[in-house]
Amino acid sequence: MACAVLNATPVAAQVTYETRAFIGDAAPGTGPSVVFSGFGNPSINNNGNITFVGFVTGAGVTSANNTGIWSQIDGPLQLTVREGGPAPGAEQGMLFRDFSDPVSNNSGDIAFRGFLGNLGSPDNGIWMQSGGVINTIAQFQGSTTELEPDLLFGALFFRPVVNVSGDIAFYSSLTGTGVNATNAEGIWLKSGGVLNLIARAGDNAAGTEPGVVFSRLFEPVLNIAGNVVFRAELAGMGVDFGNDSGIWLDAGGSSTLVVREGMQAVENDPGVVFSNILRPVINDAGDLAFLGSVQGPGVDNTNGAGIWATSGGELGLVVRAGDDAPSTEQGVIFDLFGGPVFNVAGEVAFVATLDGTNSSSNTGIWVKSSKETRLIARTGDHAPGTNPDVVFNGFDDPILNRAGTTAFLATLDGASVDPTNNEGIWATDSDGLLKLIAREGDLFNISNDPFAEDLRTISFVSLITNSDEENGQRTSLNNTGQLAFRLGFTDGQGGIFVANLGLPRSPADFDLDGDVDDADFGLAFAAFTGPGNGPTSNPLADLDSDGDVDDADFGLAFAAFTGPGSVSNVPEPGALAMLVGLGLLTARRRRVA
């Protein structure tokens, strides 16, 4: 296994590395002597499979066929689609000429935005590979619905989102008969083979007054249950700058207003209302989190920003400017926030700036749960794995998985820091300790052979940030603690790598109390659905992230059993009896079926 050669502080947990693709490697699915020449940032699913845009060079390669999408579905890398290849569902002779970064799910489906024809042509659309077959989801000037054959997709699509069931949601512009500037965009969900319109500009906005309509829509997010969340702007009678934006949740084809500008924002502060709402995310339990700002009595520029989230459908404040910032000096308070990432355990990760301190220590990353708000990293603090003089200087938005692992890109400062070594990737390991994954200027072993090092000097680091696995979006961190990232080296080479971090807590710790005991099995039992029926009361119990809670999930939970506060692997009598009962129950269900 490859490993970075770093000045790392010794810790109990060992991060290991794998090289998944490298410049100069043969590009699967292409001709002889065709090799990779570069990569986009990889995403990774919960099976550890990566997906990425790649670039190739070699015999027969031109600017018309030098880009493609590769993925590990089950086993080695495979070519999904390549420039210069025919586009399924398009007119005969129409070929792919470019792609957006793809998104993949745990079932191996891969969705992407593709571009057709010559450079500058508006012809593009959304495609998805499922079961090895690529199908058109939507295409420029394609019909949106059999009921309205003259309503056509326009030239603008945003990158799609996809869940484990193969549901796919996306934004598109519209054209055709009756389309004008007031109704020329929509949000769509394809589920069970059926394409449905979720929201359209010009339509009445659910939860608002008669005559209030959507005027502008933004790209959606999607969870495991097929719930779609989107932000929209409004127009109509009574709409002004104080109430012209909101967030909606669509479940089963029915949309509900979650929050709108002008609504009461803080329960104990009458008259304090939302003045801005941005960047909604959804977790697999169906709860939402978003970035917001408020106005009203007592609100000024020191306490107007915050992050809010729902829990069981009830909206509550997560953190607000003016609050004391945990693990900082007395008098240091939160000031501004980046967009949140949100997992099914209800944890929210965010980057925030601070007031009451100097400019060298005024930014940090925190994770807030129902039990605590923990500081992950702060500017001015020593950056683990570096020389004593090296400190954090700035952060990108973090990444979060359902086990609470956090990863991020950071810039550095210090006497030994220069433009060749001022950026790196850090993540929390299985002991919950922050650890350097890769840094510019450090040596990195690209060899997968444990007996043969091949050291290269890192020239740049890159990964997908501000992501989690539960929005249907691309993520570089999966729920088993694998982090996918891209490195370049000073010799002009580069590749895609995966760091195996481990998990800071067992995914079977459903009640998040630090052990796996009878209480966790009780929660799992209550969530049981059987194969193919989908998660119910507690999506945390879907340990294999396949969209249901069945025997396979109980097998994983059983393997993780410790007992209360214990490290024992022998189940207690109560847990064992429950599992035996479950086995009888599932056996009976299978016989009846």
Side-chain angles (χ1 to χ4, degrees), residues 144-154 156 158 169-189 191 194-222 225-267 269-280 282 286-297 308-310 312-316:
T144 60
T145 170
E146 293 180 359
L147 299 178
E148 296 182 80
D150 296 327
L151 179 62
L152 309 176
F153 288 113
L156 179 60
F158 288 158
F170 59 93
Y171 164 99
S172 77
S173 61
L174 299 171
T175 188
T177 304
V179 177
N180 56 46
T182 69
N183 62 6
E185 54 187 86
I187 292 173
W188 304 84
L189 173 68
S191 179
V194 179
L195 185 64
N196 290 307
L197 180 65
I198 298 299
R200 181 181 175 186
D203 285 351
N204 290 327
T208 66
E209 303 79 12
V212 175
V213 299
F214 294 123
S215 63
R216 188 180 180 193
L217 302 169
F218 299 87
E219 55 191 313
V221 291
L222 174 72
N227 298 331
V228 178
V229 170
F230 61 94
R231 186 173 78 89
E233 293 178 354
L234 301 170
M237 184 69 67
V239 176
D240 55 33
F241 286 114
N243 63 7
D244 67 346
S245 178
I247 295 171
W248 281 260
L249 167 67
D250 183 273
S254 178
S255 291
T256 303
L257 174 65
V258 177
V259 61
R260 179 183 175 186
E261 290 177 358
M263 288 176 55
Q264 179 77 24
V266 184
E267 183 178 357
D269 290 345
V272 175
V273 299
F274 287 109
S275 58
N276 203 8
I277 298 167
L278 297 167
R279 299 176 69 169
I282 185 172
D287 289 321
L288 282 66
F290 59 90
L291 182 65
S293 59
V294 296
Q295 62 185 14
W308 282 259
T310 62
E314 295 295 322
L315 183 63

Taking only residues two or more places apart in sequence, or in another chain, which ones meet S191 in a side chain to side chain contact (heavy atoms under 4.5 Å, CB included)?
D167, L189
Residues in side chain to side chain contact (heavy atoms under 4.5 Å, CB included) with V273, at least two apart?
Q295
Would you please name every residue forming a side chain to side chain contact (heavy atoms under 4.5 Å, CB included) with N196, sequence neighbours left out?
V194
Residue pairs meeting salt bridge (Lys or Arg N to Asp or Glu O under 4.0 Å), one or both in residues 236-255, sequence neighbours left out, come to none
Once side chain to side chain donor-acceptor pair (under 3.5 Å) is applied, do any residues pair with T256, and if so which ones, sequence neighbours excluded?
none
Mind checking what makes salt bridge (Lys or Arg N to Asp or Glu O under 4.0 Å) contact with R231, not counting sequence neighbours?
none
What pairs of residues pass the salt bridge (Lys or Arg N to Asp or Glu O under 4.0 Å) test when at least one of them lies in residues 180-189, not counting sequence neighbours?
none
For W188, which residues count as a side chain to side chain donor-acceptor pair (under 3.5 Å) partner, sequence neighbours excluded?
S172
Listed by chain and number, what are the side chain to side chain contact (heavy atoms under 4.5 Å, CB included) partners of A309, not counting sequence neighbours?
A289, V318, F342
Taking only residues two or more places apart in sequence or in another chain, which ones pass ring pair (Phe, Tyr, Trp, His ring centres under 6.0 Å) with F218?
none
Taking side chain to side chain donor-acceptor pair (under 3.5 Å) as the definition, give me every residue that meets it alongside S173, ordered by chain and number, with sequence neighbours left out.
none
Could you list all the side chain to side chain donor-acceptor pair (under 3.5 Å) pairs where at least one residue sits in residues 201-215, not counting sequence neighbours?
E209-R260
